[in-house]
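Naming convention: chains lettered A, B, ... in sequence-line order (proteins, then strands); numbering from 1 in each chain. Remember, it's a predicted structure, so these values are computed and weren't measured experimentally.
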Amino acid sequence: MERYDPKTIEAKWQKVWAEERAFSVPNPPLDELRAHRNKTYVLEMLPYPSGELHMGHVRNYMLGEVVAHFRRRHGYAVLRPMGFDSFGLPAENAAIDAGRHPRELTEENIARIRGQMTRIGWAIDWDRMLATHEPDYYRWTQWLFLRFFERGLTYRKEVPVKWCPNDQTVLANEQVIDGRCERCGAEVEARNLEQWLFRITAYADRLLDEMEELESWPERVLTMQRNWIGRSEGAELIFRVDGLDVDIPVFTTRPDTIFGATFFVVAPEHPLVEHLVEGTSHADEVREYVRHAGGRTAVERETKEKDGVPTGRFVVNPASGARIPVWVADYVLMEYGTGAIMAVPAHDERDYAFAKRYDLPIKTVVVPADDEPPEGEGAFVAHTENERLVNSAQFSGMPAPEAKRAIVAWLEERHAARPAVGYRLRDWLLSRQRYWGCPIPIVHCERCGIVPVPDSELPVLLPEVEDYLPKGRSPLATAEGWVRVDCPSCGGPARRETDTMDTFVDSSWYFLRYADARNDEAPFAREIVDYWLPVNQYIGGIEHAILHLMYARFFTKVLNDIGLVGFREPFARLFTQGMVYYRGAKMSKSKGNVVDPDEYMDRYGADACRLYPVFLGPVDQDAEWQDSGFEGMVRFLNKLWRVGLGAVEAPAGVSAGTPLARKAHATIAKVTDDIGRRFAMNTPIAAVMELVNEISRSEEDPARGFAVETAVSLIQPYTPHIAEELWQRLGHERLWASPWPEADPAQLEQETFELVIQVNGRVRDRVEVAADASEDELVARAKESPKVRAHLDGKQIRQTIVVPRKLVNLVVA
RNA sequence: GCCGAAGUGGCGGAACUGGUAGACGCGCCGGACUCAAAAUCCGGUGGGGCCUGGCCCCGUGUGGGUUCGAUUCCCACCUUCGGCACCA
């Protein structure tokens, strides 16, 4: 018998697919596009071209691959594009390590990865390929930036920033993990710099509320985003500084505790600190504290014991009229709320710790509703379900939730409060002082200030520079000829913005560009994106649960507001796949523990390489690469090949009524359900293996030919090369376009099933029963079984439990 | 501390709405082929006990509960992993 030779088969079919452009899905004219109702947009997060593909990548892209084939086989027009996130730190750092120019190395990597993807036979529409570093693409990134600018959604501001001393650039909040740089792990420093930001906080509520519109996202991703946005409802309360004509607002979620505020704290970075202490005897001590606190790292600030200094100033509690002292302490953060708090030591652990240390008064104002108020003053009272107020003037005795509203309303009348919402979310800092990124299309003019580059002058091309290594200021600044321009507004001397954009800007709209990838008059045509989008199935790593996924949602909402797209959420369904571990660490080039697919393709062929990474385990969970299991896939493909050729010699046969036919039908149902509904990728492979084992054991079954066709057809999304070859040899047309073999319901009704008979829950017998047998018939069959009778032994049947098509249980006394 | 996910053979893992626990693969054991080995193919494989047919008992992190029946549902606990965390 002819040997299974993956090399020949794979080369043959890849040539056929390339010639017929099997995976290209060009956009038809608009009116035709609208008429085509069955579309699926399958999208995997675009890779950074910082190296080559390894088996971890193979596993990820196989998910989109299987879904794309599966949907296509079910009669859908499937958009399944691919591109490269080629700007940014990963690519630039890889280039620096290699001592190469980023463009050169990036483009080399792109070519190499594309080659690997082609060789493995993925059904990708390469006609829509994009790379974010190409002017054709970043021209529109700049264009979109200008639309944000026009609407005031991007702005420039001097801000305290997180600075990575290793990468020599500013980081977004989201890129700082435990006080360290997300990419390199260096401890992040604080600096004050003029930076560009996106006003993502303006969309905080919509990013929360419009989660409702998502079809299917993992709950944990939504939870992570909710936590990140960190919305909390409360009030802004205004405290007046005694002796100065100054009001300081604070944000609190517990306005009900205002009568318990016994001191007041402002953050060291608070702009009013200097004004508060100017000319007082505390000025030197406070300045010293502020200076010292500024030098602390984020980690120090969090782990040390709470400390602070008094300012000598007092504010007036707007509710009680009490004068309470103002302190400066760095346990209050400038970035959250208003940078100042009213301290209620009896009901806030942090305030309590601070009060204990500096011997400040503690006043209980909220107690559990059922209990007696705690003895005396000075205790910490933890928050509980049912609470009422004490020591709070006219509000004493009121339940806490009601008191919250009442106190805010009462203070609001006196212009000392308003309801407010606090967010943990900060604006998105997008400036990067690095070379390899999208230039920000802005000009700084001596006379006109900040001037946007006109659309007609886009793209602002990234200049060639001698030295692109990071130095703490953008390398673009060294390109004098590029920096100096005439102001687009007044024609006077001006300088270009030299910061580049965060890579996450590039990847916040790429999914739109794919729909209309070759448009050179606009980023995309609205009619076309409205047809393809939202993405039906988005696939990517959990590591992007917050960053990329929230930025992309933000961009889509802004574009929807501008009228560029007709939808508000970009990704209807999201699937987050697990990572592949090898030798105890996440498989990655930097850890040096990659498994190279090329080697395996050389030895075993592409189909085995496609199969094994997804067979490893459930794809939403992390998996450990087990090299020993790979051979099993090769054995399976050989077996499939054998039974396939066997069926070629003895074709056709029946498609129902035999055990093998039944098995085949059951496998169709299982695979369809697993891929289509459950998004399970490993169990369908197991089901087909089971079917193939069954075929090779059932030499005589007349449904053999049908079962083989079923197996070939079902495994095709995983291993299209061998499937296509066998399908052809079995005498059929092209497989990827053909419908799936369907079970005939009328025939299924004739089938039998195995009835399990139990007595008191113990299995006593099994019998074959017609599938359409009634419950009474099932019970009758159970009772007439000799084995069951022996166990009944004349005892009375107390209860009969019938599970249709499965089981009868006779319960006896 | 708060929120979430998960604990099943020697291993990766199946069991979709409570219905024969351990599919499929790896590994291991046995057999065929071979002078022999490798490769390949076929069969067996949760633990224990009677027994040469066959049958019984125990088993899904621990302890309870609901149910005729629980890996699945409920309560408590243990362990592991992930997210958030001076957020007022």
Side-chain angles (χ1 to χ4, degrees), chain A residues 177-178 218-228 230-232 234 237 250-255 257 261 265 267 298 301-304 306 329-333 335-344 347-351 353-354 422-426 542-543 545-546 578 611-612 615-618 620-636 638-639 642 669-670 673-674 677-678 680 682-693 696-697 754-763 766 797-812:
Chain A
I177 314 287
D178 290 334
E219 196 48 50
R220 65 173 170 154
V221 174
L222 297 177
T223 304
M224 281 162 76
Q225 292 205 1
R226 277 190 208 104
N227 288 344
W228 190 263
R231 182 187 151 100
S232 51
L237 308 174
V250 301
F251 173 75
T252 180
T253 54
R254 297 291 307 276
T257 64
V265 188
R301 191 167 174 162
E302 235 180 271
T303 49
K304 68 165 175 63
K306 296 192 190 341
D330 69 357
Y331 82 92
V332 172
L333 308 174
E335 308 93 77
Y336 187 74
T338 61
I341 62 156
M342 64 170 193
V344 186
H347 304 292
D348 183 286
E349 280 186 71
R350 297 153 299 178
D351 297 344
F354 195 79
Y423 298 94
R424 210 194 77 101
L425 183 70
R426 310 286 145 73
I542 188 73
E543 68 271 22
I546 297 170
L611 210 47
Y612 189 53
F615 183 71
L616 271 179
D620 57 338
Q621 288 167 35
D622 293 346
E624 174 81 24
W625 179 266
Q626 311 269 344
D627 213 39
S628 58
F630 199 97
E631 302 265 349
M633 301 304 109
V634 182
R635 281 182 208 134
F636 162 68
N638 274 305
K639 199 168 196 171
R642 258 194 329 273
K670 162 104 179 129
D673 191 54
D674 278 1
R677 190 177 61 80
R678 298 205 301 142
N682 54 337
T683 46
I685 302 172
V688 175
M689 284 178 171
E690 197 184 340
L691 176 60
V692 170
N693 288 342
S696 77
R697 278 193 286 258
E754 189 181 53
L755 179 70
V756 176
I757 306 172
Q758 299 178 339
V759 177
N760 281 352
R762 297 231 166 267
V763 180
R766 291 146 214 250
I797 296 172
R798 194 159 56 87
Q799 195 184 353
T800 310
I801 293 133
V802 181
V803 180
R805 283 180 170 241
K806 265 183 187 159
L807 164 149
V808 170
N809 184 17
L810 304 173
V811 183
V812 298

Task: Selection from B:C41, B:A88, B:A15 that lies nearest to any side-chain heavy atom of A:Arg642 - done: B:C41
TODO: Give the rounded distance in Å between these two atoms: CD of A:Glu624 and P of B:G12.
DONE: 10 Å
Open item on the list: Here's one to test your reading of the geometry: is the NZ or CZ of A:Lys306 within 45 degrees of the ring axis of A:Phe354 and under 6.0 Å from its centre?
Closed with: no
Open item on the list: When you measure from the side chain of A:Gln225 to the backbone of A:Ala545, do you find a donor-acceptor pair of N or O atoms at a distance under 3.5 Å?
Closed with: yes
Task: Options B:G25, B:C87, B:G13, nucleotide nearest the side-chain atoms of A:Asn682 - done: B:G13
Open item on the list: Can you tell me which nucleotide in B:C16, B:A15, B:C87 comes closest to the side chain of A:Tyr336?
Closed with: B:C87
Task: B:G9 glycosidic torsion: syn (within 90° of 0) vs anti - done: syn
TODO: Looking at every strand, decide which applies to A:Arg697 at a 4.0 Å heavy-atom threshold: base, sugar-phosphate, or nothing.
DONE: sugar-phosphate
TODO: Would you mind telling me which residue lines up with the more 5' stretch of RNA chain B, A:Leu616 or A:Phe636, judged by nearest nucleotide?
DONE: A:Leu616
TODO: When you get a sec, tell me which of B:C87, B:A23, B:C16 is the closest nucleotide to the side chain of A:Arg426?
DONE: B:C87
Task: Assigned partner base of B:G53, Watson-Crick or wobble definition, under 3.5 Å - done: none
TODO: Using Watson-Crick or G-U wobble geometry with both distances below 3.5 Å, tell me the partner of B:G18, or none.
DONE: none
Task: Other residues, nucleotides, ligands: >12 heavy atoms within 6.0 Å of A:Glu349 CD - done: no
Task: Earlier contact from the 5' end, RNA chain B, for A:Arg220 and A:Arg350 - done: A:Arg220
Open item on the list: Looking at A:Glu219 and A:Arg226, is there a salt bridge between them, counting it only when a charged N and a carboxylate O are closer than 4.0 Å?
Closed with: yes
TODO: With a 3.5 angstrom cut-off on both distances, give the Watson-Crick or G-U wobble partner of B:U71, or none if there isn't one.
DONE: none
TODO: Tell me which nucleotide among B:C26, B:C24, B:C16 gets nearest to the side chain of A:Arg678.
DONE: B:C16
- [ ] Could you measure between the two P atoms, the one in B:U45 and the one in B:C24, and give it in whole Å?
- [x] 11 Å
Task: Euclidean distance for P, B:A5 against B:G10 (whole angstrom) - done: 29 Å
Task: A:Pro618 side-chain proximity, nearest of B:A15, B:G13, B:U40 - done: B:G13
- [ ] Indicate whether OP1 or OP2 belonging to B:U17 is found under 4.0 Å from a side-chain N or O atom of A:Arg677.
- [x] no
- [ ] Would you mind telling me which of B:A23, B:A88, B:C11 lies closest to the side-chain atoms of A:Leu333?
- [x] B:A88
Task: Assigned partner base of B:C87, Watson-Crick or wobble definition, under 3.5 Å - done: none
- [ ] Evaluate the side-chain proximity of A:Ile542 to A:Val221: yes if any heavy-atom separation is below 4.5 Å, no if none is.
- [x] yes
Task: For atom CG of A:Asn227 and atom C1' of B:G4, their distance in whole Å - done: 9 Å
TODO: If B:G59 has a Watson-Crick or G-U wobble mate with both distances under 3.5 Å, name it; if not, just say none.
DONE: none
- [ ] Identify the nucleotide, in any strand shown, that forms a Watson-Crick or G-U wobble pair with B:A5, with both distances under 3.5 Å; if there is none, say none.
- [x] B:U80
- [ ] Whole angstrom is fine here: how far is it from CG in A:Leu611 over to P in B:C26?
- [x] 12 Å
TODO: Could you tell me which non-hydrogen atom of A:Ala343 sits nearest to which non-hydrogen atom of A:Val265, and how far apart they are?
DONE: CB-CG2, 4.4 Å
Open item on the list: Is the ring pair A:Phe630/A:Trp625 parallel, tilted or perpendicular, if the boundaries are 30 and 60 degrees?
Closed with: tilted
Open item on the list: Using whole Å, what does the distance between atom C1' of nucleotide B:G82 and atom CD of A:Glu219 come to?
Closed with: 15 Å
Open item on the list: Measuring only the P atom in each nucleotide, how far is B:U72 from B:U8? A whole number of Å is fine.
Closed with: 13 Å
- [ ] With heavy atoms under 4.0 Å as the rule, sort A:Val265 into base, sugar-phosphate or nothing.
- [x] nothing
Open item on the list: Quick check on B:C42: is either OP1 or OP2 less than 4.0 Å from any side-chain nitrogen or oxygen of A:Lys639?
Closed with: yes
Open item on the list: Using whole Å, what does the distance between atom C1' of nucleotide B:G1 and atom CG of A:Asp348 come to?
Closed with: 14 Å
Task: Assigned partner base of B:A32, Watson-Crick or wobble definition, under 3.5 Å - done: B:U40
Open item on the list: Tell me the interatomic distance from A:Asn693, atom CG, to B:C24, atom P, rounded to whole angstroms.
Closed with: 7 Å
TODO: Provide, to the nearest angstrom, the distance between the CZ atom belonging to A:Phe615 and the C1' atom belonging to B:A14.
DONE: 10 Å
Open item on the list: Tell me whether the side-chain N/O atoms of A:Thr683 come closer than 4.0 Å to OP1 or OP2 in B:G13.
Closed with: no
Open item on the list: Pairing donors with acceptors under 3.5 angstrom, does anything connect the side chains of A:Arg231 and A:Tyr423?
Closed with: yes
Open item on the list: Using Watson-Crick or G-U wobble geometry with both distances under 3.5 Å, which nucleotide pairs with B:C11?
Closed with: B:G25
Task: Among B:C42, B:C16, B:A23, the nucleotide that comes nearest once only the side chain of A:Asp673 is considered - done: B:C16
Open item on the list: Side-chain N or O of A:Arg635 versus OP1/OP2 of B:C26: is the shortest distance under 4.0 Å?
Closed with: yes
TODO: Could you check which of B:C42, B:C84, B:U40 has an atom nearest any side-chain atom of A:Ser696?
DONE: B:C42
- [ ] Could you tell me the separation between the NE2 atom of A:His347 and the P atom of B:C87, rounded to a whole number of Å?
- [x] 17 Å
TODO: Please determine, for the side chain of A:Met224, which listed nucleotide (B:G83, B:A88, B:G25) has the closest atom?
DONE: B:G83
- [ ] Using a heavy-atom cut-off of under 4.0 Å over every strand shown, decide if A:Asp351 touches base, sugar-phosphate, or nothing.
- [x] nothing
